[in-house]
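Written out below as structure tokens is the structure these notes cover.
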Amino acid sequence: LIERREVTEVDIGEEESPYIIEPAEDPVPREDPAPEREREVEVPA
Amino acid sequence: LSDVTVADILACSGGRSSVTPEIGWRAWRIEWGPDEFRGVVTQDDVEKDFSDGSATLHHVIYSPSLVLLSGWRTLWPKRQELQARCSLQRLHFPPDPDCDCGIYAFRSPRSLWPGYMRASPIQRAWSEGYVVQRVLGEVSLWGRVIRGTRGWRAEFAYPRRLFIPTIRYARGPHVPPEEVALHLADYGVPVEIVEVDRNILCA
């Protein structure tokens, strides 16, 4: 992805060294997991 | 590359790390054109009569899959992070200090506006499709990140808030902002329609 040209004709300025971000919370609103099927409950006679 | 770990990268970056995503600003476009890819990923539910570029607005409006696009042909997936890839196929992790790769964003929307509206929508469409709407917004950035004085380029990104300007482009098809907002709601982030005076943007 070369995003620089899409965002603007100029760059993001003087750059620093890379660093890592490991988010404590997921920034992506994932799809809700499918609801679990109701388990069959064995009812004693 | 598969043997390189996060620890290795941290070692190369002086051990600096964070648990909070950077929040930047960027622009996206929504476009359609003479084929399904330049369109808005409509192939699933729309008749394919784009071959001669004669598709009607009907196809755009009733497509359930309007998506954000950026760069040349970068589609931003819904409810899934976008991961940067180096288009030069170089053997490094994007973003790399010696390359231009990565997903870009600015610190301020003010940095974005001039480039956003400078050229006509059609001229700005790299894939030669027709831009039906321009969208601004905040974006979360994480993974491997390079900070610049005006913004960032990052390994992962996902929209955080989206703003749809009420600008009707003079050329090309028109899709009401309300219609665009409905589609973008699938990203699962706040979407707002904002009244914007085009004369201000172009000043």
Side-chain angles (χ1 to χ4, degrees), chain A, chain B residues 6 9-10 12-14 16-22 26-27 29 70-72 74 79-82 84-88 93-97 100-106 111-112 114-116 118 126 140-154 156-158 160 187-189:
Chain A
L1 303 177
I2 299 180
E3 297 286 337
R4 174 174 296 184
R5 289 172 291 185
E6 165 63 20
V7 174
T8 181
E9 282 73 19
V10 297
D11 60 25
I12 59 170
E14 187 176 347
E15 297 180 347
E16 302 174 359
S17 298
Y19 55 101
I20 299 295
I21 298 175
E22 294 184 279
E25 296 182 7
D26 190 353
V28 181
R30 312 280 178 184
E31 292 281 7
D32 292 332
E36 290 186 14
R37 291 182 179 177
E38 291 184 16
R39 294 177 182 173
E40 293 184 9
V41 180
E42 195 171 317
V43 180
Chain B
V6 170
I9 297 173
L10 280 175
C12 296
S13 61
R16 191 172 157 210
S17 65
S18 171
V19 296
T20 306
E22 301 286 8
R26 64 159 301 132
R29 68 179 187 275
S70 66
W72 185 43
T74 301
R79 296 184 182 271
Q80 178 185 330
E81 63 270 29
L82 176 67
R85 300 182 190 281
C86 181
S87 61
L88 300 178
F93 281 111
D96 186 89
D100 282 341
C101 56
I103 304 166
Y104 281 70
F106 282 108
S111 300
L112 202 57
Y116 176 70
R118 185 172 296 149
W126 279 43
S140 300
L141 307 164
W142 71 98
R144 181 174 163 91
V145 176
I146 293 178
R147 184 201 308 264
T149 52
R150 289 161 42 86
W152 301 267
R153 48 191 178 110
F156 296 106
Y158 193 82
R160 187 168 181 264
Y187 281 90
V189 300

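Just so we're clear, the structure is a prediction, and the values are computed from it rather than from any experiment. Proteins come first, then strands; the chains are lettered A, B, ... in the order of their sequence lines, and each starts at number 1.
Heavy-atom distances place no part of B/P94 under 4.5 Å from chain A, backbone and side chain included. Within the 4.5 angstrom heavy-atom criterion, only backbone atoms of B/T20 (N, CA, C, O) approach chain A.
Between the CZ atom of B/R147 and the CD atom of A/E16 there is a distance of 5.5 Å, given to the nearest 0.5 Å. Taking CZ from B/R153 and CD1 from A/I12, the interatomic distance works out to 6.0 Å, rounded to the nearest 0.5 Å.
Of all heavy-atom pairs between A/I21 and B/L141, the closest is CD1-O, 3.8 Å. Closest approach of A/G13 to B/T149, counting heavy atoms only: CA-OG1, 3.2 Å. Between A/R30 and B/R79, the closest heavy-atom pair is O-NH1, 3.4 Å.
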Q: Test side-chain contact (heavy atoms from CB on, under 4.5 Å) on B/W152 and A/E15 and set out the steps.
A: CA-CA 8 Å; B/W152 301 267; A/E15 297 180 347; over 6 Å; no

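Counting heavy atoms from C-beta outward, B/P95 and A/P18 have side chains that stay 4.5 Å or more apart.
Between chain A and the residues B/Y158, B/W142, B/F156, the largest count of heavy-atom pairs under 4.5 Å involves B/W142. Per-residue counts of heavy-atom pairs under 4.5 Å with chain A were compared for B/S140, B/G188, B/A157; the largest is that of B/G188.
Salt-bridge formation is not detected for the pair B/R150/A/E14: no Lys NZ or Arg NE/NH1/NH2 atom is positioned less than 4.0 Å from an Asp or Glu carboxylate oxygen.
A donor-acceptor contact shorter than 3.5 Å is absent between the side chain of B/R144 and the backbone of A/I20.
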